[in-house]
Amino acid sequence: MSASANIPADTLLDWFADTARDLPWRRPECTAWGVLVSEVMLQQTPVNRVEPIWRDWLERWPTPSSTAAATQGEVLRAWGKLGYPRRALRLHAAARAIAEDHDDVVPSDVDTLLALPGIGAYTARAVAAFAYGQAVPVVDTNVRRVVARAVHGAADAGPPSTTRDLRDAEALLPRERAATYSAALMELGALVCVARTPRCADCPVLATCRWQRAGRPAHDGPVKAAQKFAGTDRQVRGRLLDVLRGTTEPVEKAVLDLAWSDAGQRDRCLHSLLVDGLVEQTRDGLFALPGEH
DNA sequence: AACTCGTGGGG
DNA sequence: TCCCCAAGAGT
């Protein structure tokens, strides 16, 4: 039996047509730049938090060149509290590269997309598929989970392996409407075949799911360590950057010192923000978002 | 290959 | 409350 038999295209596509969320970056009038921006914003970030930021962003900067003309600080402010603000700088750098090297046209070729900052294995194929309709496999955390269950009969995906994950997804792709099929796989993982408590009763491919057929066995592999946040450098960096997002003028270090009590960790994090280009120091020793002073 | 990098909602 | 985890990328 072929792998695709576990997730039949017609069944999944019908379900998608009936159930899919009406997300703005899925609309036919959405530009390739709009798709690219959405994919970067959606990296590790829930849809409902992305949507308003995405709308504001595209209204303000509808093209790569208009984004490239903004300062890094403006881009970081527009990014707001989406998280992982280095993504905003990479998106800005990608916009510059597209404007300068690609005539302001988002590339459609996966390898060209992969060469852009902040565009990895997932995002490059997502743009190629969703903006240009290419029949390339698109593998995100949802697809990995759906494939693990429906095809491999396992409760959860194993450790990511780009080569193996792409091969698995490639085997599923139908000849027709491959890009929509990929969007549907992701949607299934996002709405039904979710991580914690899958809604199998609502699943369109329940009849062919190997995990279901096997009696939905529990995850057997090693349990991955829970990611901490409180007290980490990530939290401290977030606090520091939030101070600078909230001010128009550069601030003295004493202002940043209020953001975290542990001086050693605070200074280490401020240094790493400077190294990452998320913070700049002015000539007179004040601190600000980059590119604004 | 394992770690780091933000943020906030829901179970 | 705490903990999981959400359309990953870069090193």
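Residue numbering restarts at 1 for every chain, and letters A, B, ... go by the order of the sequence lines.
At least one side-chain nitrogen or oxygen of A:K81 sits closer than 4.0 Å to the OP1 or OP2 atom of B:dG8.
Near DNA chain C, defined here as any heavy-atom distance below 4.0 Å, there are no residues from residues 270-281 of chain A. Of the residues in residues 230-249 of chain A, A:D233, A:R234, A:R237, A:G238, A:R245 come within less than 4.0 Å of DNA chain B through at least one heavy atom, sorted by number.
A salt bridge links A:K253 to A:D257: one of the charged nitrogens lies within less than 4.0 Å of a carboxylate oxygen. A salt bridge is defined here as a Lys NZ or Arg NE, NH1 or NH2 lying under 4.0 Å from an Asp or Glu carboxylate O, and A:R21 with A:E51 fails to meet this definition. Under a 4.0 Å N-O distance rule, the pair A:D242/A:R245 qualifies as a salt bridge. Using a 4.0 Å cut-off between charged side-chain N and carboxylate O, A:D101 and A:R96 make no salt bridge.
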Please list, one pair per line, the donor and acceptor atoms closer than 3.5 Å that link side chains of residues 258-265 of chain A to other protein atoms, with sequence neighbours excluded.
unit_1 : atom_1 : unit_2 : atom_2 : d
A:W260 : NE1    : A:Q265 : OE1    : 2.8
A:D262 : OD1    : A:G264 : N      : 3.0
A:D262 : OD1    : A:Q265 : N      : 3.1
A:Q265 : NE2    : A:G231 : O      : 2.9
A:Q265 : NE2    : A:D233 : OD1    : 3.0

Contact string for nucleotides 2-9 of chain C, one letter per nucleotide 5' to 3', B = base within protein heavy-atom range under 4.0 Å, S = sugar-phosphate only, - = neither, reads --BBBBBS

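Minimum heavy-atom separation, A:V127 to A:V35: CA-CG1, 4.3 Å. Residues A:I7 and A:V146 approach most closely at CD1-CG1, 3.7 Å, considering heavy atoms. The minimum heavy-atom distance linking A:P204 with A:L188 is given by the pair CD-CD1, 3.6 Å.
Screening residues 151-162 of chain A for salt bridge (charged side-chain N to carboxylate O under 4.0 Å, His left out), with sequence neighbours left out, gives A:R149-A:D156. Listed by first and then second residue, the salt bridge (charged side-chain N to carboxylate O under 4.0 Å, His left out) pairs that reach into residues 271-293 of chain A are A:R77-A:E292, A:R237-A:D276, sequence neighbours excluded.
Distance noted for atom P between B:dG6 and C:dT11: 14 Å (whole Å). Taking atom C1' on both nucleotides, C:dA7 is separated from B:dA2 by 23 Å, rounded to a whole Å.
Between A:V75 and A:W57, some side-chain heavy-atom pair lies under the 4.5 Å cut-off.
Note on A:P159: nothing from the nucleic acid sits closer than 4.0 angstrom, heavy atoms only.
Taking atom CD1 of residue A:I53 and atom P of nucleotide B:dG6, one finds them 16 Å apart after rounding to whole Å. Computed from coordinates, the A:W79 CH2 to B:dC5 P distance equals 17 Å when rounded to whole Å.
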